[in-house]
Structures are given as structure tokens and as C-alpha cells.
Engineer: 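Sharing a structure, written as C-alpha cells. Questions coming.
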Amino acid sequence: MFVTLSVVVVLALAAVGFGTWTVTRSFPQRSGEITMSAPKGGNAGLRAEVTVQRDSRGIPTITAESSADLFFAQGFVHAQDRFWEMDFRRHMTAGRLSELFGESQLGTDKFLRTLGWHRIAEKEAAALPPETLAYYQAYADGVNAYMQERQGAGLSLEYAVLGLQNADYTPEPWTPADSIAWFKAMAWDLRTNIEDETERALLAQKLDASTLNALYPEYPFAEHPVILADDPAGAAVVAETKKSAEAAAAEPGQGDATQDGTDATSAVSLSVAEGATNEQLAMAEGLTPLNDLVEKVDALVASQGEGIGSNSWVVGGEYTDTGKPLLANDPHLGAALPSVWTQMQLRCKTVTTECPFDVAGFSFSGLPGIVIGHNQQVAWGFTNLTTDVADLYVERISGDTYWQDGKEHPIESRNETIVVAGADDVQLEVRSTKHGPIVSGLTPDFTEIAKNPRIGQGTGSAEKAVEPESDAAITTDEYALSLRWTALDVTTTAEAIFKLNTATDFTQFRAAAKLFDVPAQNLIYADVEGNIGYQAPGKLPIRGAGDGWLPQPGWNSAYDWQGFIPFEDQPTTYNPKSGYIVTANNAIVNDDYPYFLSRDWDYGYRAARIVELLEGHIKDGPVTAADMAEIQMDNQFPARKSLQQAYADVSVDDDGANTAIKMLEEWDGQNDPDSASAAFANVLWNSITEQMVDELDVTVPRSSQSRFAVVFEQQLNDPDSKWWQSAQHGNASNRQEFFELAAKQAYEELVKLQGDNPKNWNWGKLHALSLTSGTFGQSGIAPIEWLFNRGPYPVGGGSGVVNATGWSLDDGYETTTVPSMRTVMDPSDWDASTWQNLTGQSGHAFHPNYTDQTEGWTRDEQYTWAYSSEAVKDVTNDTLTLRPATK
């Protein structure tokens, strides 16, 4: 977010007296009673009393007599804690940020309006079963009931600041589509390889095939784990369990390999001037580069980068001290304040068929239900599947038509109006092909690909990056680029959450997973009976002639998606022979699996390290919950062995640099926060990767440090490799000179950052985490930012590390992506489960629960997770009773 506030605003803040009352007036009532006003619009209000018990960290347990009242209360409590976050998110997902912040957000709104997330969410809401839609409506009613009680700064401090530049803004009523649209935002955040494909398409214009292949090596199957190693084909579910799960999950239209039929209204593209060429569009609009625009969008939904992914693993009871499974999960997302997660328990006073919920865990504000957690019988966790669910298509276009199979087809279009605070409305024409948004003309990177396209005609090989062939049947040489992405289809994920929340065994768990279309996730499972399992759900495309490693020729229908992998064929396992399952965005299956999933897996360093540590604990046995939490905080640097091998015989003509090299030699490889060696190793790593791409005469994004670790390791044993030539940042003509140069430059950089005394070098301070509010926390006005931002906090870990505090090569060392929460769930005793959140439960600046968990998060200080009625009662600090209005 980039909100422009002038000095006048700062003076206004002082004038209105931003004192204690202004700051605290939005803090929620947490004890006593509230009589709920009758909701407007004719919707049902609260039917019976609901109790909300909160512990010292503000974590609520909501107990209600009916499902409707339960979700009504969840909406009310979410709004109590996080309404500004919710309101901001729904404006973002609808492409309506300009209504809040003015012209500064037009570029972001155009991008998001083009994708049409909220339009798709409205269709998904309309398609929900009546019972599920009722849950979303009850939740919306609860949010709206809270808005009836408070206005302006009474809702959140941010509205007081917003009012200084947009005094006319008033939040509108919440709708089910506002909730469902957040799934699209999370799908964007976990969109896997759109950037990789874009990078390759641009690099293929200038690099030879061998160099491009070296930059994007294949997954190291021989060295790093495959999730379904016990069963490469992914069919290791016992026959009777699989059969019953398929029967329970059988619903029309789910998982069937139907022909591609993208709804034109869900795949739209931008054209700001009718008939304008791509080049004219770029010049007329002054469009920002793709990476810049993507960064702006990512700032709203958490940054995409090395750390986006997650760890999760489950261990069978045969290896644990309890005799029951243990399940660990720590999703990696962009650092956000407040944390993307809120924690709560949803409990029906009496669990019945009509009111089946007794579920606890982590939720998203604005979304009913629990996303990650457990109920009385089962626990589940998520990690990003990293399957390739998005492809770029090079289209041949002629004015308002595009070509396929020798025929012209009309480009679909529609017009939208963007309301801009403080300025005139902006008209936007959006257009689409059958594949999806025509994104060339929207950003220079996409436009450049369309100007000089290289298309992929094979499977994951740069040798197949070729210029489009001529075709006598096509009377145009004008190209455009479109995006095919599963999240732009109408999906059923909004229903899946409630099925997960009420699943009682692996059969029902898989039935819920079958509905979880996007974002595609690894789902792991444990239950009180001692079973463990895994399911890879999602809309996973069946590709035609290509594999999406590079853009595909849109004018040839052979390259269209042919449907989606049937659910019964998607990877799954149940009680595997190994006794454990580890997922860390690594390869799911090997090439024995009959369908293509991806060639852009995470490269498996985190997964390998987790397996190594887990097998060590199993060998020493038994595995405890404390062991699981300890693994989550492992700081092993993935390129440690390669770096130490590279510098085994290197010395330089600088005593300080030689001292640093000696420290590297003796380093244990742990990126601990107080480690001087880790500080030098990471700065050295940045210097090495920068020099490796210097001589390619093209900008090579270094977004994946895990990938570069593989590249470095593969080149290391070739002293004559061209990768050891460097002249941009110094002269190096061979491998020895290359390493000497990198060491001296890294030492000089670290001296500038932390001084020439190695005792003062500190990775945690260099790699510190600054918690920044995604809205006014990036205003550029120090007094405003001070209100909402916190930190910095020294942290350990790094990119490609189990403790995945990611940072960006060539962009400083500050932490940008994080384990957004950590949990270890214990089916032997749910009250023994533990958790921690990145920030805190509250979204209100200066509230005691705003960042009360952050210091503990930096140290892995996990807290007991009260679940049973007795345990919740013991930790309750405040009890609020919600009463229905008298009729």
C-alpha cells in the first residue's frame, strides 16, 4: 500500500488530539452483556444467548446453541478484533481500493478488477448449497450487527486517519461474497510459478538453451525427498478406505476430466483505449514493470517470494511418547501486521447433526469457520501444493478477434467503473479470450513477451523455446498474452472449509478435500484412533501438448487444458509404511505418476532437513511434541556444505576477509540470530549469486535461493564453468579468483553494515523483522507509521531454511516472509496441543493483544492450546454474553 498523506495530515492529527480516547475507543467489549440490535435488511438475528470466553491473549471460545448463532457470533467477534483489516481486504479483492485511498491505488485496482475476484466470488456464493450459504449469511449478519453498534473511529483507529483525507467514506454492509473472495486472494498469494514462467519467457529471448536450463534445474530427486516416497504413483490408500471416500465425495462436476470451458466473465483483460496497440497502451498509461505492480498487489495479500510455502508433517503413534500421532504445521506467508491468522474455537453447546461444530484452530478474519486446526476426532494441516495451475498463452490477435485452429473468435469484453476518492470515476474496459485475461498491455513484462514471444512446445526444456511458426491460415503477426489460472474459475472451496471442520475420519476428510479446489494444498491428517494420512486436492489441470514451462501457443487448441485430474487419481496416502509424512512444498510424486503436476517444486532443502531431524528423533525415540516444535525452529542454511567446500582452499590478501573465511570453515551451518558466522555466510551468498549472473548480459531474477543453491552445487565441481567469470563487480577469470573476489566483497559489505570487529556481527540484527501495517504503516509519514508499525525484532532462520524467515537476494537482508504461525497438535490430549501466532489476536494498534505474541514467536515460545470445556474455563479471563434483541 502506498497512501499519500501530506504534512497537513500530520498537523491535523495533532489538532484533533490523537489521545488515549481516540486510540482506545475501538477496543472491543470483552465482558458483560451486549443485546444485539435487530439487523437491517430482513435477515435473521441472534436466536439465543451466545457466550464468548477469552483467555489472557484474547483468544475466544464461542459457544452457541445453533450453527446460525455460532457463525453470527464469529462474524461479530472477528469484527470486534479486525474490522479494518476485513474492510480493507474486501476492497482489495473487489479492486476498489481507490474508493478508500484515491488515485494512488488505480494501478492496483485495474489489475485486480481485471482478474475479477469478487465477480467470481459472487457466482460461487450463488452456487453454494443452501445450508452452506446460510453459514456465510449468518456470519455476514454478525459483522453487520457489529457495524450497527459502532461507526468511524469506534470501529478502528484507521478510520480516524482515513477520515482526514476521505471524510465521506462509510463502510457498507458485509456480504457472503466479501468472505468468499478472500480465497481468491490466498490463491494469488500461493500462485506458485507465474513469476517463474514469466522470468523464463523473458530470459528465453536472450539466453541460449543450456544456460536457461542451468538456471532452472530439475528437482534433485536422488538427493531430496518426495512426499509419497512409499508410493510414487500416489495410490497408497487402502482399497476399502479409498472406495468409501470416493463414494462419500461423489458429486456432479467435481474432479471430472471435462473439456476446458472457461467462463468468459471469469477471465478478463484490460484495454484502456479501444483499438490501441500494446505499445501505445504501455506508453499512454505509464505502466509500471510487472515486478513493481506485483509487489504492490502482494503488499496487500502478503509478499510472494522464497518464503512463501509452508512446512507440515505428521508422525504415527508407533514413534511418539503418547502412542498417538503428532501433527506439526507452520504456514509461510508474507510478514503482516496484524498476522493474517486469528485463533478461536467454535463450539456447539450440544454437538448434533443440526449443530455439528466443536472445532478450534486458525481462521482468517472475514471468513467463517476454521482453516487449520482440529475437532474432537481429527486434526489437519496445510502446505502449498506448488503444482502448476497457471499458464501463459501467446495469442495471435486481429483487432477484436483472436485466432485458434485457423478460425477467428471474438474477444469478450465488458466495461466497469472505478470510483476514485477525491477524483472523477475511471472507466475500464476489460477483455478476454477463452484462455483468460489478455495481460499484455497491462504490464511491460507481459507486453515484452508478446512483442517477441518464445513458446514452449515440449516438456520442461529450453531447447523447445522457439519463435512462433508462420501459419498461412492466420492473417496476422500481432501477438498478445493471456493467463489461464484455476482461481479464475467458479470453485467449491467455500464449501470445503465446513466439511473439514466436521470430518470425523479419513473418509470424510477426503470428501472435504475433494471440494478444496483452490488454492491447491497438501493436506495432512491425524486422528484420535491413531491414523495418519495425506491428500493432494485441488483443480489440477490436465495439459495438452505442452507443460507450461514456457508460454504456450494459444492459436493451437492442442495446447489447451484438456480438463482436470479426477479426484480418485490425485496423490494420497493413508498410514504409510514409513510411519510419517513430511510436506514442505517439495515434489509430491516422481515421474511414475501418470499426470504432469509441475517442474517448479521447491527444491526440497527444507523437506530433506525435516526428514533428517525427524528420523534422528525416531531413532533416539520416542518423538515428543517438544521435538516437533524444536524442528520448526531449525536454522540449517541450505548452501552451507557447498560454501564450505568452495572455500576449503581459498585465502585472500586481506586479514579481515581471511578471518571471515576461517569463521565460515568452522561454522555449524545454523543461521542462529546471534551468529557472526551466519551473518558472513549470508552476505557471502548474496555476493556469489550476484556475480554468477553478472556476465549473462541480462537481468536474472534471483527470487529462489533454493534454486540457486542447486545451481551453485551443480557448477561447483567444474572449475572451467562460465559461471565463474565475473567483470561487473570486479575481475575474475576462473573459479579461484571468483571465490576470492566474492569473499572480499562480502567482507567489505559486512564491515559497512556492522563494523570490522567480527564479535559485533550478528545475523539476527542484520536479518531483523519489521512488522509493518499493510495500509497506513506504509504511508511514508513517520508519525502515522509510528501509530501502526512495530519492531524491528532480531530473528534467525533464512531462505530455504526450516525456520523460513525469507529474505530477498540483492534487496537487503531484512525478513520479508515468515512462518505466520506454528502449531503442534496432539490427538492423545487436545489440551496438550501448542500454538503461537506471529503478532496477536487484535488488529487494534496499542491494544495489549496487538503484538503480544511476537517476542515469543522469535524464540518459539509455544503456548498451551485449551480445548476442553474444563481447560477453557481454567484459562478464561473475560466472558461476554451476546443476547438476542427482544422481539
Side-chain angles (χ1 to χ4, degrees), residues 43 89-96 109-140 143 172-189 191 251-256 258-270 301 364 366-369 389-390 411-418 428-438 482-499 514-520 537-541 561 563-564:
N43 294 317
R89 283 176 174 175
R90 65 167 164 176
H91 278 82
M92 181 267 294
T93 58
R96 294 172 53 193
D109 279 350
K110 289 176 181 179
F111 185 93
L112 295 172
R113 197 73 69 93
T114 295
L115 296 184
W117 292 349
H118 203 276
R119 291 170 59 88
I120 303 166
E122 290 171 351
K123 293 184 177 183
E124 291 182 359
L128 285 173
E131 181 182 56
T132 305
L133 181 57
Y135 295 158
Y136 280 97
Q137 186 59 60
Y139 180 92
V143 176
E172 62 192 29
W174 195 267
T175 70
D178 292 336
S179 295
I180 295 169
W182 186 240
F183 288 117
K184 304 302 179 183
M186 292 311 299
W188 172 258
D189 193 28
R191 59 196 174 275
E251 297 177 14
Q254 293 298 314
D256 299 328
T258 55
Q259 290 297 310
D260 184 356
T262 307
D263 183 354
T265 61
S266 70
V268 295
S269 71
L270 169 66
V301 294
F364 295 130
L367 185 69
V389 295
I411 294 176
E412 302 285 342
S413 67
R414 75 169 189 272
N415 294 306
E416 293 200 7
T417 300
I418 299 177
L428 180 71
E429 182 186 7
V430 294
R431 304 192 302 162
S432 67
T433 73
K434 67 170 295 187
H435 296 120
I438 299 177
S482 64
L483 171 66
R484 177 72 173 102
W485 181 31
T486 55
L488 300 184
D489 296 343
V490 174
T491 67
T492 56
T493 304
E495 182 181 358
I497 294 298
F498 303 103
K499 299 293 186 183
K514 184 174 183 179
L515 299 171
F516 206 97
D517 286 336
V518 293
K539 292 190 74 170
L540 308 179
W561 291 1
F564 300 95

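Please read these numbers as outputs of a predicted model, since none were measured by experiment.
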Engineer: From I438 CD1 over to T433 OG1, what is the distance, rounded to the nearest 0.5 angstrom?
Structural biologist: 5.5 Å
Engineer: Between atom CZ of F516 and atom CD1 of I497, what is the distance when rounded to the nearest 0.5 Å?
Structural biologist: 5.0 Å
Engineer: Given side chains that start at C-beta, do those of D517 and F183 come closer than 4.5 Å, heavy atoms only?
Structural biologist: no
Engineer: Under 3.5 Å, is there a donor-acceptor pair between the side chain of S432 and the main chain of P437?
Structural biologist: no
Engineer: Heavy atoms only: give me the nearest T493-V518 pair and the separation to one decimal.
Structural biologist: OG1-O, 2.9 Å
Engineer: My understanding is that only one of M92, R96, H91 makes a side chain to side chain contact (heavy atoms under 4.5 Å, CB included) with L112; could you say which?
Structural biologist: M92
Engineer: Does H118 offer a backbone N or O that forms a donor-acceptor pair with the side chain of T93 under 3.5 Å?
Structural biologist: no
Engineer: Can you name the closest pair of heavy atoms from K184 and A487 and give their distance?
Structural biologist: NZ-O, 3.0 Å
Engineer: Mark yes or no for whether E124, through its side chain, and T491, through its backbone, hold a donor-acceptor pair below 3.5 Å.
Structural biologist: yes
Engineer: Students often mix this up, so state it plainly: with edges at 30° and 60°, are the rings of F364 and W182 parallel, tilted or perpendicular?
Structural biologist: perpendicular
Engineer: Do NZ/NE/NH1/NH2 and the carboxylate oxygens of D489 and K123 come within less than 4.0 Å?
Structural biologist: no
Engineer: On a heavy-atom basis, which atom in A94 and which in R113 lie closest, and how many Å separate them?
Structural biologist: O-NE, 3.2 Å
Engineer: Any idea which heavy atoms bring A520 and L540 closest together, and the distance?
Structural biologist: CB-CD2, 4.0 Å
Engineer: I'd like to know if the side chain of Y139 reaches the main chain of P176, judged simply by a donor and an acceptor atom lying under 3.5 Å from each other, with no hydrogens or angles considered.
Structural biologist: no
Engineer: Nearest 0.5 Å, please: how far is CZ in R414 from CZ in R119?
Structural biologist: 3.5 Å
Engineer: Using the test ring-ring contact (aromatic ring centres under 6.0 Å, His included), find all partners of Y136 that sit at least two apart in sequence or belong to another chain.
Structural biologist: F498
Engineer: Counting C-beta onward and ignoring hydrogens, is there a side-chain heavy-atom pair between I418 and K110 closer than 4.5 Å?
Structural biologist: yes
Engineer: Looking only at heavy atoms, which two atoms of E495 and T132 are closest? And how far apart?
Structural biologist: CG-OG1, 3.8 Å
Engineer: Output all residues satisfying salt bridge (charged side-chain N to carboxylate O under 4.0 Å, His left out) with D178, sequence neighbours left out; order by chain, then residue number.
Structural biologist: R90
Engineer: Checking side chain to side chain contact (heavy atoms under 4.5 Å, CB included) for the pair V389/K539: CA distance, chi angles, key distance, verdict?
Structural biologist: CA-CA 8 Å; V389 295; K539 292 190 74 170; over 6 Å; no
Engineer: Give the minimum heavy-atom separation between W188 and W117, together with the two atoms involved.
Structural biologist: CB-CZ2, 3.4 Å
